[in-house]
Amino acid sequence: MIDKLLEFYKEDPADPFNSYALALAYLKTDTSRALDWFRVLLREHPGYLPVYYQAAGVLAEAGYTEEAEAVYKKGIELAGAQQNTRTMQELQRAYRSFLDELEDY
């Protein structure tokens with residue numbers, strides 16, 4: 001499956017969905033590589049809203065708390081700018097949960 005996704009990426013690296021699909025596929029087997037793809041997306045396609053929820057959650061789980069917080073905040077801001085209320089609310093809930101977990105440590 002990953003081989004096929006890599007082919008799609010090579011055919012059209014400008015399509016953010018190709019990178020997103022790779023990140024999600026790697027998430028099942030290799031968190032480090034998934035994070036690499038999420039970071040590529042955040043850097044090269046900052047307007048691709050779907051990446052923020054997934055990337056922030058994976059970053060938080062991997063212990064990159066400052067980076068996760070920044071991604072949550074940027075995603076919430078972007079969702080607001082895109083007037084995507086549903087995604088903004090999902091990101092806000094996830095961000096609050098993230099902050100609650102930080103307080104518990």
Taking Gln82 for the side chain and Gly47 for the main chain, is one N or O donor matched with an acceptor at less than 3.5 Å?
yes

Could you state whether Val58 and Leu102 fall into the same hydrophobic cluster, counting links through intermediate Ile, Leu, Val, Met, Phe, Trp or Tyr residues with side-chain heavy atoms under 4.5 angstrom apart?
yes

Co-membership, hydrophobic cluster, residues Val71 and Leu24, 4.5 Å side-chain
yes

Closest approach of Ala25 to Ile2 (non-hydrogen atoms, all atoms of both residues)
CB-CG1, 3.9 Å

May I have the step-by-step check of side-chain contact (heavy atoms from CB on, under 4.5 Å) for Gln54 and Leu27, ending in yes or no?
CA-CA 10 Å; Gln54 290 289 337; Leu27 198 51; 4.1 Å; yes

Quick one: pull up OG1 in Thr87 and CD in Gln92 and give me the separation to the nearest 0.5 Å.
11.0 Å

Any side-chain heavy-atom pair from Phe98 and Thr65 closer than 4.5 angstrom?
yes

Pairwise side-chain contact, Glu69 with Leu99, heavy-atom cut-off 4.5 Å (strictly under)
yes

If I compare all heavy atoms of Pro46 with all of Tyr52, which pair ends up nearest, and what's the gap?
O-OH, 2.6 Å

First locate atom CG of Leu91, then atom CG of Asn84, and finally report the distance between them rounded to the nearest 0.5 Å.
9.0 Å

For Glu90 and Tyr53 the tightest heavy-atom approach is O-CE1, 3.8 Å

Is there a side-chain contact between Leu5 and Trp37 (heavy atoms, below 4.5 Å)?
no

Does Arg96 make a cation-pi contact with Tyr72, if we ask for NZ or CZ under 6.0 Å from the ring centre and within 45° of the axis?
no

Any Phe17 side-chain heavy atom under 4.5 Å of Tyr48 side chain
yes

Counting C-beta onward and ignoring hydrogens, is there a side-chain heavy-atom pair between Tyr26 and Asp36 closer than 4.5 Å?
no

Is Ile76 linked to Tyr64 within one hydrophobic cluster, defined over Ile, Leu, Val, Met, Phe, Trp and Tyr using a side-chain heavy-atom separation of less than 4.5 Å?
yes

Between Lys74 and Leu42, does a side-chain contact (heavy atoms from CB on, under 4.5 Å) hold up when you go through it step by step?
CA-CA 10 Å; Lys74 175 70 175 163; Leu42 292 166; over 6 Å; no

So which heavy atom on Leu59 is nearest to which on Arg39, and how close?
CD2-NH2, 3.5 Å

Keeping to residues at least two apart or across chains, list the side-chain hydrogen bond (donor to acceptor under 3.5 Å, both in side chains) pairs with something in residues 8-22.
none

Same hydrophobic cluster for Val51 and Val40, using side-chain heavy-atom links shorter than 4.5 Å among ILVMFWY?
no

Ala68 versus Ala60, closest heavy-atom pair with distance:
CB-N, 3.6 Å

What residues, two or more places apart in sequence or in another chain, satisfy salt bridge (Lys or Arg N to Asp or Glu O under 4.0 Å) together with Glu66?
none

Which heavy atom of His45 sits nearest to which heavy atom of Pro16, and what is that distance?
CG-CB, 3.6 Å

